[in-house]
Structure formats: C-alpha cells, structure tokens
Amino acid sequence: MLSAAAYMPLCPLLGFLILLAFGRRIGIKYSGIVATVAVAASFVLAAISWTGLLGISSSKREITQSLFTWLPVGSLQVKVAFLIDPLSITMCLFITFISTMIHLYSIGYMKGERDYVKFFIYLNLFVTAMLVLVMANNMVLTFVGWEGVGACSYWLVAFYFEKESAAVAGKKAFVYNRIGDVGLLLAMFIVFARVGSLDYTTIFAHLSAFSPLTATMLVLALLLAATGKSAQIPLFNWLPGSMEGPTPVSALIHAATMVTAGVYLLCRMSHVLELSAHASLVIAIIGALTAFVAATMASVQRDIKAVLAYSTISQLGYMILAVGAGAYVAAIFLMIAHAFYKALLFLSAGAVSHGLDGERDMGRMGALRKVMPWTTGVFIVGWLAIAGVPPLSAFWSKGDVLDAVFRHYPYLWALALFTAFLTAYYMTRMYTLTFTGEARYDKPGADGAPALHAHEAPWVMRIPLLVLAVGAAGAGLLNLPWVHNFGLEEFLSPVFHGALYNPHEGTSLLWLLAIVDSLVAVGGIAVAWMLWRGKVSAANLEPDFLTHDWYWDDLYDTVFGRPGTALALFSATTIDEKILDGAVNGVGSLAVQSAQRLRRIQTGQVRQYALLITGGMAALLVFILMRVF
Amino acid sequence: MLLAATTSFSLPSIDYLAILPELVLLGGALIVLLATSMVRGGLKRNIATAITMLFSAAALVTALVQWGRISAQGAETTIAHAIVLDGFSTFIGVTVLCALILSVLVGHDYLKREGIESSEYHILAMIAASGAVMMGQANDLIVIFLALEILSIALYVLVAFNPLRGESGESALKYYILGGFSSAIFVYGIALVYGATGSTNLGQIANFFSENQLIHPGLFDAGLALVLVGFAFKIAAVPFHVWTPDVYQGAPSPITGFMASVAKVGGFAALIRVTIAAMNSQSASWKPILYALAIATLLLGAIVALVQRDVKRMLAYSSISHAGYILIGVEVGTLAGTSAALFYLFAYSVMTVGSFAIVTVLGGDGDSDHDLGRYRGLARRQPWLGGALAVLLLAQAGIPFTSGFFAKLGVVSAAINGGSWPLALVAMIAAAIGVAFYLRVVVLAYMGSDEADATDTPSSQVNPQTRHAQSTLLLEGQSVATIPAVSVPLLSGIAIVLSVATTIFFGVIPGPLLDFAHSAAQLFLA
C-alpha cells in the first residue's frame, strides 16, 4: 500500500499537464473538475499510504522510495526519491485534503474569470510542487519543490497582472522569497561540505560532522530560508501584499500550505536544530516577535483579507516559536489546525467579498449575518476557533505551543500569551465590523462607489466551507493531551525521537495553563466586543504607527530600497554602459572583425582547401617530429 | 602455389549477432532497392520510408539486445578480433540509429516536396548508417578504413542525389575530392603505424606497446599524425574543416543534418577507439595534437559562425565548434572524459538533426530559402515551430534544462578534473561567443516583425554605439516583405517534436543518459 505514495505528486502533475495541453479544448465547464479530481485522487493515495504506514511498527516507519537518479555529478548523486515517514505523510494528508476543498471552492469562486483554466493549471502545479517539497528525501529535491511553490505563488499573486498593485505585489513576494532561498542554498552548501551528501537520512546519521559553530550557522541559514517562505521577521512584508491574488490562493498558498514550508523544513531538520541551543533561542525569539508584531498590525486593518493575512503571519510566528522551544509536534499540530481554521476564514471572507461584488473594505460591510447566514455561521466557528475558545481546535493546538514555551522561555510565554489576547481581539473586531451592527453595503460608499447588492455564496462554495468548519472545530481531537496511544504525538514522535522535548507537565499545572489560555481568549473577545460593538472606526484604536506596519516598509525603503536603486542606477549607467559594454562591444567587434578575416579562408576553391589540409598535415608532422628529434 | 595461398588463408568464424545491426541495415537497403524497383510514383517513396523505418527500428532493437548481452557477459572481440562488441559500440550504434530514424522522417517529406520519386535517399542513408555503426565496432585500422569508406562514399552520393540542385553537385564533388585526399593520408598513416608496430589490429597494437618501448618513435608518431588527420577531416576539426561550410550549405538540408550527426559520430567513435583503447600508452604523442585541434576548432567555429547570413552555413560552423567540445572529452582521456564525449555526441546528434529538420521545412520549395531573413518573426507566425527552433538552438548554446547544458558541463568538468583547465577556459569562451550567434537567430525569430524593415529595430532609446553593434549582429538593412507561414508536414513534425522532447527530457532528467554513457565508457574494451 505504501507504493501508492510515489504516485501522490503525479496526480496533480498529470492534471497540470492535461490542462496545459488540452485546457482550452476541455473548456471552462470541466477543467475545474479535472483539476479537483486530480488533487482528490492524490488525497486518496495519501490516505492509502497512511494506512500502509500504520501497518508497520512505529520504529520502522521510515521508507525511502527511489524513482531514478536525477543528477549524478561526481560524488553527489541526487536522486528523485521520496521519504515516506509519519511527518511527510501527515503533511501530505492535510495538504491534499485542504487543496481538494479549495479546488472545489474555486470552481464556484473563479466562475466567469477570464483565465479560469490558467488558474487551475497553476493550482495543480502548486500542489505537485508542495508534495515534492514535503516528500523529498534530499535537500535538492526539497529545493525543487521549494522553488516550485515559490514560482506558483508568484504567478498566482500576480494573477490579475493587469492591475499594477497585483504585479507589484507579485514582484515583492518573489524578491522576499529569493532572499530566503539564499538561506536554503547556504544550508545545502554547509551540509554538503560537512557530510558530502544531501539525503536527510545520511545527514542525520552523520550529525557528529557538525561542530557547534557549524551547526549554529546551518540552523541560522535554515531559519533565513524559513523566514522567507513562512513570512517571519525580517522577511514578512510580502505576505500582506500577496492578498492581491484570488482569495482561494490566499487560503491555499498564503495561509494553509506554502507558508508552512519553512516550519516544515525546520521540523524536518529537527535533529540538526537540537545541536545548537543558541540557534533554537534565536528561532523562538523570531517566532514570538513575529507573532506579536503581526497581531498588533492585524488589529487595525480595514481590509477583510488583510486582517487574515497579518493573522496568518502571527500564527506562523507561533509555529516557529514552538519549533524554537523544541515542541515540533505542537508546531505541526498548530499547522494542521491553522490550515483548517485559516482556510475556513479566508474562504468565508472570500464568500463575503464574492457576495459583495469583490468589495473587501470592512467599512462597507456590517449586518451581513442577515443576508449570509451560512457564511456567518461558519465564520463564527473559525473566529472562535482561532481565538482559542475551548473546545475548538486552536485552544488545544495553541495551548500545546504555549505550554512548551512556558517551560522553556517564560518571558516569551508572556509575550505569546499577550499575542493570544490580541488574536481574540482582532478577530472579534473583524466579526463585529463585518457581520453585526448597521448595514453599510447598501448605501453608496464615501468615495462615491455605488451601493452593493449582497447575496449568499453558491453551494459549490458552501460545501467546502462546511467541511472546513467541522475541521476547524474538531481538529483538536487529533492530539488530546490525555490520550496517549492515539494522535499526532504518538504518530509523529518517532520522527523527532531524541529531539523531542517531553511535554508532560504536572496535571495541575496543565489545568492552570489551560484556564489562563481560556480566560485570555474570552477576555480578548469581551474587550473587542465592548470597544467595537456598533462602531465603524475608532481613531484612538487605530494609531498610525500600526496602520503603517510599524513603518517597516519605509525602513526597508530607506535602508535598502533607495541606496539599492542608486547603486543599480550607477551600475547601469556608469559601470555597465561605459566599462562593461565597452569591453563587451570591444570583444564583440574583435570577434566579428577576426571572423571577417577568417571567412576569407573559405574561397570555394578545392585546390586551396586541399592546400590548407596539406598545410595542416605538414604542421602536425613538424610538430610531432620536433618532439622526437 | 595458388592453392597453397588459398588454403593457408583460413576464414575466421563469424559472429553474426555481433554485426547484426549493420546486417539489418544493409539487408534493409537491399530490400528497399528491390521493393521500390517494382512500384512507381509516390507509392515508391512511401514503401521506401516504411521499410527503412522498419529496418532502422529493428537495428535499434538489435543494438539494445547487444547491450543486454554485453551487460551480462562483458565486452568481447570477435571475427578475428577485428570487431568489438562493447558498451561503447552499442552507444554509438544507438546514437547513429536514432539520427537515422529522425533523418528518414524528415527526408520523406523533403522528397515529397521536391517531387523526387527515387529511393536513393533511403538506401544510401542506411548504407552510410551501417558504416557509422561499424566505425564504433571496428577494432582494426583496416576495418576502420573500410567502415569509413562505406560511410563516406554513401555520403558523397547523398550530397548529390538530387540532380535538380546545381550547388549539390558542386558540393559533392568538393567533398569527394577532399574526402579522397584525406582518405589517402589516412591510409598512409595506417601503413606507417603498421610499419612501426607490426599490426593493424588495435588490440595487438596495444599489446605491442605494453611489451615494447619505441626507441625511435618517429615512424609511429608520423603514422599517428596522419591517421589523426584522417579523423580530423571526418569530424571537421580545424584546419581540416574547410569542406564543411560549402558542403553543408550545398547538400540538401535533410542530408546536411544526417551528415552532420552520423559522420561526426562515426569519426569520433573510431577516433576514441584508436586513441584511448589502442594507443593509450602513447598519449604523450596524441594528446598535444588533439589539444591544439580542440582549441583551434572551438574558437574558429564559434567566431566565424558570427558573421554567417546563411543558416545552413551558420549551423555548419556551429557543428565545427561542437566538434571542438567533443575533442576536449577525448583529449582528457579519462573515463569521465569519454563518457562526457559520448553524452555530447548523442545530445548533439539529436539537436542537429532536429535543427536541420526545421531548416528543411522552412527552406521551402527547392530547398533554397536559407537566408537569416527567413527567420524574422517566425515565432509570431508559427509559435510552435519558432519555439522548437528556439529550444534546439538554445540547447546548442548550452542553456540549462536542455541536454546541451549537461553535454557542455560534462566535457568542461572532465577537462578541469583531468588537468586540462586551459581547454575548459577556451571552451567557456567559445560557448560565450556561441550564445551570440544562436541567440541572434532566436532574437530574430521572436523580436523581428513580419513587415518591418530590418533597420527599424527597436533602437530608439539605445545609444548609437549599441545600435551599431545591434545592426551588425542582426541584419544589415534588408527589407522583408511579408513572409508566408509554411505548413509543417506530419513526419517532419514528428521528427522535430521527438528531437525537442529528447533535448528537453535529458536536460531536465539527464540521469538515465548519463548513466548509459557512463556504463558505455566503462564497458569500453581497452
């Protein structure tokens, strides 16, 4: 049954190829279905492989499936091979499941779009790349998937490329990701220099090859990669811009799957992370800071998707924080739970804006619970889930993270707890602005925009919402703290064995922490409810400092942007045009001139050719005989 | 007396399986001759193509069967040690047969377009291919010579087989005279080597050198130099390349593609066998020669290609330059070098036949339209054809994600690891120059518009200096009327798709071909 695993990335790849070659012939009616079926098949294969893996005793669940040798370069043999272990299968299961739901939703959401087929081509390619990323058994293949999802992300962020903001956002996402990619490349170089192989199993078998300093450098390089892909400080700015893409893309790529690649990478390399406590501390600090900073930014957004984008950064910060605290299972648990509730929130936000002719400003919403009862219902589930209200999923998953952090880094725990309060706050603010209060969409906008007619989403969009709502509510069941022979903890711990910290606290302490978490969540909701009920805007609650993202972009602009542009201009006008072009043109004209001379050899006269051959022969003879005598 | 002479000459036992691919090809040629003499008109062509395809495919299958036998039993010599059956010979066989199959596909449509009903094309192509396959198997200088002549004579005729093409006759005559000239030098070289070592058999020559030390190497070295001249002519290494541009230009385009790949593969096969298998101990003699040839070939090919206006001539110089890269692999002489040369030969053959297939299609009636101006705006008129051309040319330039990249990477890294880093440096310079003339065609196909005047290149915001460079690199003011789109015939289309797909496939997943070349070089009977 495990042999099914290798076909997992092939299904969406096949879907991609079919749509690429025959997309136009298949047409709008069926191409969405083709893409959805391809991904659903992949999910079925993931489930089959999972049962296959369960059939093996837990210590042996690490199977490599080698397809072929891709790059045999000297001692470096890069294979296209998949590592099937609990971690990769867990990732595959939730990736394919969420992808299927979002594909299904997209059939309805993208209806009537001009590039409908192209959208599904990208989406299928994305799923292929994502599966390659998580299944790869070596860093090079992971990098292929890593770049693949990056490219798809770029194309999909800039999907409405006629809009300048979308094109700019695409570029921004691309550039920030490239900076992160350098980290992964550096990590590969370090590993290859020390171990001589890039296979994960080989690396983990040669951990002694890393001195403490090398290990720290390696982990920091990996962290750089993770900050790019998973939108952490200092490379988080691209994610809010990526909301220019269609909403299903935001849900799939920029919330549920791609952005978790950085967290996955760190978890995959957990054995290396354990070699350097300093680096782990840095990871934890980056995670906690990002979670906090992004949560403050989320508290002031007016755009319905922007709130969710900042919230995603914040939640990814929690995951990175968990990794830094050595709580890898908690990180993965939060990743899965987050995938459910954040996809749900994005898709219901998409349903709201879909029902309002694409309007995304919360200032023009309000009282939508009357027109969109289904959407409101599922949104409430997502809202309470992310806020951490028991017994919904984030209460358990975020709770696990907080417990681990409490044990390791008490100061960061305090910050993370405050962030949890902010989370409840900004989500409640978002709910009240959108669904309660006075209806504002049926009046003309302040800038003269026409009144909007609101309607509920169609069924093809509602079904995925309902499924995801069930997931968002119940994902906590995957890893209940008092159940020990079932669940993620049990399933994943062999992957992290030595690296895993033991989370089992005294029961009373666990209860206490859970009660604190719940109080914070309820407190955040209550505060926001009191402050925002019946309001549309409140200047004192939305300071400039926060609406301008802590002036983060301006800082980058001043420090990197302007000097960079000046340097580029200098290179372009002075160095390139005068020095390099001069040299190139010189060499070029030299080549052309010598060619003009050399072509005269070619007279077309056979006797001259024969003479030349004889001359060449004579030269060779003289040359070789000179060596003899 | 006569009786005594005949009885003392005992026929060797013949291992027919060892030479089965050649036999299948020759048999196929005879059957085509027979079958097509009985029918008339277009049917003749169809039958000839069908039989040729069938027999080429059968030969390919036998080559793969041989591969199985070699993998199981190891390399061996047979038929009085004059023929080798090893991984190397199989690789050469597979390469030649792939080129043959692609060329026949292209040739069929060419014959149809030109209204030629005879079947010489098929017959001669099969005979030439059998010669080239034999070159890979020959283990005796005399057999190499025979195989070389089987290959060459068929090619001389092929160049001239279209009686309606005046320039073909001229080219064929030039090729024939110079070919005969170089063959004579080659045979003289064989005689000197025989005089020095007492044998023409490569195995015995190798044995001779393992047991003896030449006190006066002059005779042998002179013979070796002359033999190398013969090979250098065949593979078009500078300065023995002079025939190439004229002949490539004058020959019918599908023949040019066939010749460019098959003749070069055959020549290199025998060259590698002679230098690395038989005379490895004498590498001090042949390495400097190949070194010098490689440098001259790389640079001259790349530089002169820059100023060609005729696409076939440009590709001729490009193929000269390619020979330089392959020579690097041979010169290095290591396992990595040989397998890189083999990889290069395969990648090169496929790219070249594919490129000339496109040239054939675009050549139009009479196969005469090969001016660069013909390619202006091609990608807009015919995006698929333009895309295929771009892929094949970029592959020849060595751009990543094409087999050409790994081909160049292989020889260059083999040269660096083998200590010939100056060669690697020259190769990279030549590659950089090469990009210019390949891209020139691609740019023309993608940027040039149908109607626009050539001087009207988008240069309004470019400074005069660059504009000057552009106009010398692109086209000197030539007014192009609207160029009609050409329809791509089915079989040619298949050949183009196959070559593009192969080029991209082995550019993305080079592993299988690298493995094949590596084990072919390992199963080399040294």
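Side chains are part of it too, since the values below use all heavy atoms of this structure and drop only hydrogens, waters and symmetry mates. Below, chain A is the first sequence line, B the second, and so on; all start at residue 1.
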So, for [X] and [Y], which heavy atoms are closest and what is the spacing to 0.1 Å?
X	Y	value
A:G616	B:P239	CA-CG, 3.9 Å
B:I509	A:W70	CA-CD1, 3.8 Å
A:L625	B:G218	CD2-O, 3.7 Å
B:V242	A:L612	CG1-CD2, 3.1 Å
A:L620	B:A225	CD1-O, 4.3 Å

If you count heavy-atom pairs within less than 4.5 Å of chain B, which of [options] leads?
options	answer
A:V606, A:V80, A:I613	A:I613
A:K79, A:R597, A:M617	A:M617
A:T614, A:V78, A:L621	A:L621

Could you measure the distance from the [atom1] atom of [X] to the [atom2] atom of [Y]? Nearest 0.5 Å is fine.
X	Y	atom1	atom2	result
B:L300	A:S594	CG	OG	9.0 Å
A:Y609	B:D246	OH	CG	3.0 Å
A:Q596	B:L306	CD	CG	9.5 Å

Under 4.5 Å from any heavy atom of chain A, what part of [X] do you find: side chain, backbone, both or neither?
X	result
B:L409	neither
B:L173	neither
B:I289	both

Above 12 or not: heavy atoms from other molecules or residues under 6.0 Å from [atom1] of [X]?
X	atom1	result
B:K287	NZ	yes
A:E164	CD	no
B:K174	NZ	yes
B:Y176	OH	no
B:Y188	OH	no
A:Y7	OH	no

- [ ] Heavy-atom distances under 4.5 Å only: say whether A:F68 touches chain B with side chain, backbone, both or neither.
- [x] side chain

